[in-house]
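Convention: sequence-line order gives letters A, B, ...; per-chain numbering from 1.
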2 protein chains.
Amino acid sequence: MGKSANSDIQKGCPCLARDVLDRIGDRWSVLLVCILGEHEVLRFTELRRKVTGISQRMLTVTLRDLERDGFVQRKVKPVIPPHVEYRLTPLGHALLENMRSLVNWASRHQDAVRRAREAYDARHSVEEAG
Amino acid sequence: MGKSANSDIQKGCPCLARDVLDRIGDRWSVLLVCILGEHEVLRFTELRRKVTGISQRMLTVTLRDLERDGFVQRKVKPVIPPHVEYRLTPLGHALLENMRSLVNWASRHQDAVRRAREAYDARHSVEEAG
DNA sequence: CTGGATCCCACCAGATACTG
DNA sequence: CAGTATCTGGTGGGATCCAG
């Protein structure tokens, strides 16, 4: 199941724990965890409305992945019409905390990155024109 | 240039700074930053040897992205044969520090994730068989 | 030695249609 | 309401060949 070719690649870092890092690199996972962190409990359609732009499929898939990894708890109430609740697990909250500090750091530095890019692009459009 | 549809998506988190998060989600970027963090300065072929499994193309591309974002400095010595040095910038070192703490956290919790997955898979192979 | 340029495939996100 | 099933276009990334 999946791509588990991470065992021999980690020569540089002690352990990369791709399982977890992939979630953090995934746009929808980050969004969902953030939003679930703000609301304690949400239903499928509520999530769909809050995460602007996500497709129904990606919501399902991402939610399932997060559940599988133990970050999100999915509770089904067997009624008609169906009623399903999603909330963060304790592990999910821990992830959120860590994500937050990272996201904060990232946004504090995104200006530097933006400037670096402009400089780079400028440099390279010069050599292109020259 | 590129995909900049991140402006309206950040309703949940104050700011997602995808520019930076994408690097952390990218396997090769993480590896390169880690390795460059250990060696101060490395040449193209040295990097290629150290990052087991990377293709020549991905090394070039990833290096270029890291340079463009201001995390890596590329210094060319105009000699024959070409001699190119790569090293982390101060911003790159900052990224490394932050990445490290995240990677450490991730690896401390990857067992929990692994167990969650096994539990999930067990649950779902049951319903499948039942 | 350090890449640039191409070809090409495998995989994934997005849209659509259908179901309990 | 909360999904599943299916099709498809775009793209990330490996392999390969070429060049300064």
Whole-Å gap separating [atom2] ([N]) and [atom1] ([X]):
| X | N | atom1 | atom2 | value |
| --- | --- | --- | --- | --- |
| A/L59 | D/dC1 | CG | C1' | 13 Å |
| B/R64 | D/dG13 | CZ | P | 16 Å |
| A/E67 | D/dA2 | CD | C1' | 14 Å |
| B/R48 | C/dT2 | CZ | C1' | 10 Å |
| B/K77 | C/dG3 | NZ | P | 14 Å |
| B/H83 | D/dG20 | NE2 | P | 22 Å |
| A/M58 | C/dG14 | CE | P | 6 Å |

Phosphate oxygens OP1/OP2 of [N]: is one of them under 4.0 Å from a side-chain N or O of [X]?
| X | N | answer |
| --- | --- | --- |
| B/Y86 | C/dG3 | yes |
| A/R43 | D/dA2 | yes |
| A/T45 | D/dA2 | yes |
| A/W28 | C/dG14 | yes |

Picking from [options], which would you name as closest to the side chain of [X]?
| X | options | value |
| --- | --- | --- |
| B/Q56 | D/dT4, C/dA5, D/dC1 | C/dA5 |
| B/R57 | D/dT16, D/dA15, D/dG3 | D/dA15 |
| B/F44 | D/dG3, C/dT2, C/dG4 | C/dT2 |
| A/R74 | D/dA2, D/dG3, D/dG13 | D/dG3 |
| B/P82 | C/dT2, D/dG3, D/dA15 | C/dT2 |

Let's test your reading of the model: under 3.5 Å, does the base of C/dT2 pair with the side chain of B/E85 as donor and acceptor?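 No, no donor-acceptor pair under 3.5 Å.
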How bent is the helix from C/dC1-D/dG20 to C/dG20-D/dC1, measuring the angle between the end axes built from five pairs each, rounded to 10°? 40°
Lys/Arg-Asp/Glu bridge criterion (N-O < 4.0 Å) met for A/R100, A/E97: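 Salt bridge between A/R100 and A/E97, a charged N being under 4.0 Å from a carboxylate O: yes.
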